[in-house]
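Predicted model only: the values in this text are computed from it and were never measured. Excluded from the calculations below are hydrogen atoms, water molecules and symmetry mates; all remaining heavy atoms, backbone and side chain alike, are included. Reminder, nothing fancy here: chain letters follow the sequence lines and each chain counts from 1.
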Amino acid sequence: MTKTYYVTTPIYYVNDRPHLGHAYTTVACDVLARFKRLDGYRVHFLTGTDEHGQKVEKAAAAAGIDPQAFTDMVSQNFRDMCRAMDISNDDFIRTTEPRHIRACQAIWQALERNGDIYLGKYAGWYAVRDEAFYGEDELTIGPDGKRRAPSGAEVEWVEEPSYFFRLSAWQDRLLMFYDANPDFVAPASRRNEVVSFVRQGLTDLSISRTTFSWGIKVPNAPGHVMYVWLDALTNYITAIGYPDTENEAFRTFWPADLHMVGKDILRFHAVYWPAFLMAAGLPPPRRVFAHGWWTVEGQKMSKSLGNVVSPYDIVAKYGLDPVRYFLLREVPFGQDGDFSQRAMVNRLNGDLANDFGNLAQRVLSFIQRNAGAQVPEPGPFQAADERLLGEARGLLPVLRRELDEQAFHKALDAIWQVVGAANRYVDEQAPWTLRKTDPERMNTVLYVLAEVLRHLGILCQPFMPGTMGRLLDQLAVPAQERHFAALETNMLKPGTKLPPPVGIFPRYVEEGAAKGGGG
RNA sequence: GGCGGCGUAGCUCAGUGGUAGAGCAGGGGAAUCAUAAUCCCUUGGUCGGGGGUUCAAAUCCCUCCGCCGCUACCA
């Protein structure tokens, strides 16, 4: 039976332009999806856009177009971002699609059948911007006389009939679920927050609105549209065919292996969503990981500061794969991090250009000039050769373990241990000396190094698919031998012609800095 | 206010009872295959302060200071 893996990003709210944070979440999921595919899993990788709600309705009105045309336009921005970041998603869902409307209405009816929905009345302060209600006591009154939520969003008094979800009834079952599934929420500190939140007691959740219309209609309840979070969360099952739970995709991929989310939307995913699912008779996802935020040069990213980082800008400046690498290497995944020019350039020039890029270049160009531009014929391996090959071959199980915990930084660190070992091996073996004293030994050393590069190239593909593709081209590794199973079974064949090497990670030279070179 | 976390080398962090660690940055050297990259050596810390337990504490306990997250409440 084929192993399967279902991973999702949040669906991104279309009232926002793609920024570094969106790229981060999406790249992280992309690495996992690519890794699992190369490891022989059948993968479903979902991303998409969240397109309903009062905020979108108002933004569209402000733009003078209808909401559907507005979301068509803005949703495309996120598709474009995926393309720009080399994202390998299998599907891109939009909450305005018919399949999703059908799924939402179905889950609503399932909740209703289970007795978890009742009609009540909601009165309270509502912030359109946050899509959330606030208590009177949470508000502050500004000098302009307007009430604002703690987030700074303006609130308005809303009094309307509303359907409620009996969330309070699910408290115990949620706690039992967390208890039985200690890895459901990660990192562990977030899990504690979730558990203590639920332990404090849950109140029923208002899940319909009557004050605007840009949403999914509640079945048999004219005037009511669904609460955006019930709508949005359901996307994860829409995409695999809900409400047809007997279909192949659904049976294969549900429950999802991982919902990747930002820490701001953890509660929706770790509390409301499992409750909705259990109430609808479906198992909750296996895991929700809440990652951290990026600051920029030490400051919070914000529109008012005007320092919101566009993925396009940094990719244009540093290159796509260096950016992908940086995002996952610089910060222990789960923590907040800082995106700075200095840190980015350090990683690019230090880890990528000097350590890895130069390793590839020194080995490949040596082979090109001194080994007939082909994979050398190795002699017997010595202890040092076996040691280095052993380190490279030992990476896969480590990466599997780290990536199953979303510890991207540790996975990359492990890979770079081998890069360092390979650079040391080059110096110790000194093939430039062997060339004169022992050409056969030189060939063995070069073979070992090429083979280590093959491992590194294959294993780094999830992180830097484009660049590693070029490295593997330079090693003449056939396209169909780039999956993980080929690591063991398809060693480089001596005599294979190798193309002239081209640097894979050029150093980043500061704009306006002296290019060097002297005369 | 409650719960939780953090405070270790200039920077980012690892290290949960047994002689203080890594990467980067800084200093010195080697080598010359390579993207002036690499390799070796090295400077640097009273592990936030204080007290306690222990033969032994960054690691356990108490307390104080500072920072952060979740959450509650008062006004």
Side-chain angles (χ1 to χ4, degrees), chain A residues 134-141 150 185 187-203 262-267 270-271 290-293 295 298 300 319 322 326 329-340 342-371 376 407 409-410 412-417 419-436 442 445-446 449-450 453 467 471 474 500-509 513-518:
Chain A
Y134 291 95
E136 176 77 47
D137 48 356
E138 291 180 276
L139 307 177
T140 52
I141 300 176
V185 180
S189 54
R190 298 292 169 197
R191 175 196 147 78
N192 292 340
E193 290 176 4
V194 168
V195 170
S196 57
F197 173 74
V198 173
R199 217 171 252 151
Q200 280 186 189
L202 297 170
T203 52
K263 60 185 184 182
D264 55 323
I265 55 174
L266 177 59
R267 183 190 300 177
V271 181
H291 68 241
W293 289 133
T295 53
K300 192 175 172 179
F326 178 87
R329 177 66 187 86
E330 179 67 6
V331 176
F333 198 70
Q335 296 186 18
D336 290 349
D338 183 54
F339 189 97
S340 71
R342 181 169 157 271
M344 177 71 225
V345 172
N346 272 350
R347 290 290 176 192
L348 173 46
N349 286 350
D351 297 1
L352 296 177
N354 296 353
D355 292 346
F356 194 167
N358 184 55
L359 172 68
Q361 188 68 11
R362 68 198 301 208
V363 169
L364 291 171
S365 74
F366 203 93
I367 289 174
Q368 193 69 204
R369 288 176 201 167
N370 302 299
H409 60 296
K410 289 187 187 173
L412 287 168
D413 184 69
I415 291 171
W416 255 254
Q417 296 298 326
V419 170
N423 270 319
R424 283 190 290 279
Y425 174 89
V426 177
D427 279 44
E428 285 158 10
Q429 300 299 322
W432 46 92
T433 305
L434 293 171
R435 178 167 57 118
K436 298 169 216 155
M442 175 194 78
V445 166
L446 293 175
L449 284 164
L453 284 175
T467 308
L471 174 61
Q474 295 183 34
V502 181
I504 52 172
F505 293 117
R507 287 178 65 79
Y508 176 81
V509 181
K515 289 272 160 74

Does the plane of the ring in Phe333(A) sit parallel, tilted or perpendicular to the ring in His291(A)? Use 30° and 60° as the thresholds. tilted
Under 3.5 Å on both distances, the Watson-Crick or G-U partner of C6(B): G66(B)
5'-most contact on RNA chain B: Ile504(A) or Pro332(A), nearest heavy atom basis? Pro332(A)
Any-strand Watson-Crick or G-U partner of U32(B), both distances under 3.5 Å: none
Determine whether Leu453(A) and Leu364(A) make a side-chain contact, defined as any pair of heavy atoms from C-beta on separated by less than 4.5 Å. yes
To the nearest Å, how far apart are Leu412(A) CG and C13(B) P? 17 Å
Pairing residues for Arg435(A) by the salt bridge (charged side-chain N to carboxylate O under 4.0 Å, His left out) criterion, not counting sequence neighbours: none
Could you list all the side-chain hydrogen bond (donor to acceptor under 3.5 Å, both in side chains) pairs where at least one residue sits in residues 194-203 of chain A, not counting sequence neighbours? none
Rounded to whole Å, the CZ-P distance (Arg424(A) to A37(B)) equals 19 Å
On a whole-Å scale, what distance lies between the P atoms belonging to U8(B) and G45(B)? 15 Å
Residue pairs passing the salt bridge (charged side-chain N to carboxylate O under 4.0 Å, His left out) test where at least one lies in residues 352-365 of chain A, sequence neighbours excluded: Arg362(A)-Asp427(A)
Considering only the P atoms, how many Å lie between U53(B) and G26(B), rounded to the nearest integer? 46 Å
Distance, rounded to the nearest Å, where Arg190(A) contributes CZ and C6(B) contributes P: 13 Å
Interatomic distance at P, A25(B) relative to G2(B), whole Å: 45 Å
Rounding to an integer number of Å, can you tell me how far Asn354(A) CG sits from C33(B) P? 18 Å
C62(B) to G5(B) separation - P atoms, rounded to the nearest Å: 12 Å
Give one of base, sugar-phosphate or nothing for Arg507(A), where a contact means two heavy atoms less than 4.0 Å apart. base
Mind calculating the distance between CG (Asp413(A)) and P (G23(B)) to the nearest angstrom? 10 Å
Any N/O pairs under 3.5 Å between the protein and nucleotides 24-32 of chain B? List them or say none.
none

Check if the side chain of Asn358(A) and the base of A34(B) share a donor-acceptor pair of N or O atoms closer than 3.5 Å. yes
What is the distance, rounded to the nearest whole Å, between atom NZ of Lys263(A) and atom C1' of G69(B)? 7 Å
Does Asn192(A) have a side-chain nitrogen or oxygen under 4.0 Å from the phosphate oxygens OP1 or OP2 of C70(B)? no
Contact check, residues 360-370 of chain A vs RNA chain B, heavy-atom distance under 4.0 Å, returns Gln361(A), Arg362(A), Ser365(A), Phe366(A), Arg369(A)
Starting from C1' on C70(B), measure out to CG on Asp264(A) and report it in whole angstrom. 14 Å
Any strand, both distances under 3.5 Å, Watson-Crick or G-U wobble: G17(B) pairs with none
Go through the structure and list residues passing salt bridge (charged side-chain N to carboxylate O under 4.0 Å, His left out) with Asp336(A), not counting sequence neighbours. Lys263(A)
Residues in salt bridge (charged side-chain N to carboxylate O under 4.0 Å, His left out) contact with Arg191(A), at least two apart in sequence or another chain: none
C1' atoms of A58(B) and C47(B), separation to the nearest Å: 4 Å
Assigned partner base of G23(B), Watson-Crick or wobble definition, under 3.5 Å: C11(B)
Need the pair for C60(B). Rule: Watson-Crick or G-U wobble, both distances under 3.5 Å, any strand; none if unpaired. G52(B)
What is the nucleic acid contact for Gln335(A), judged by heavy atoms within less than 4.0 Å: base, sugar-phosphate only, or nothing? sugar-phosphate
Under 3.5 Å on both distances, the Watson-Crick or G-U partner of A72(B): none
Check the pair Phe505(A) / Asn349(A) against side-chain contact (heavy atoms from CB on, under 4.5 Å), numbers first and verdict last. CA-CA 8 Å; Phe505(A) 293 117; Asn349(A) 286 350; over 6 Å; no
How close or far is atom P of G23(B) from atom CZ of Phe326(A), stated in whole angstroms? 19 Å
Quantified in whole Å, what is the P atom distance between nucleotide U43(B) and nucleotide G10(B)? 15 Å
When rounded to the nearest 0.5 angstrom, what distance separates CZ in Phe356(A) from CG in Leu471(A)? 5.5 Å
Between G44(B) and C11(B), how far is it from one C1' atom to the other, in whole Å? 13 Å
Of Asp336(A) and Val502(A), the one whose closest nucleotide on RNA chain B sits nearer the 5' end is Asp336(A)
Using the C1' atom on both, measure C40(B) against U46(B) and round to a whole Å. 31 Å
Applying salt bridge (charged side-chain N to carboxylate O under 4.0 Å, His left out) to Asp338(A) and not counting sequence neighbours gives none
Under the rule for side-chain hydrogen bond (donor to acceptor under 3.5 Å, both in side chains), what residues qualify as partners of Gln361(A), not counting sequence neighbours? none
Please report the interatomic distance CZ(Arg424(A)) to CG(Leu359(A)), rounded to the nearest 0.5 Å. 11.5 Å
Applying a 4.0 Å non-hydrogen cut-off, can you work out what Gly357(A) is touching in the nucleic acid: base, sugar-phosphate, or nothing? base
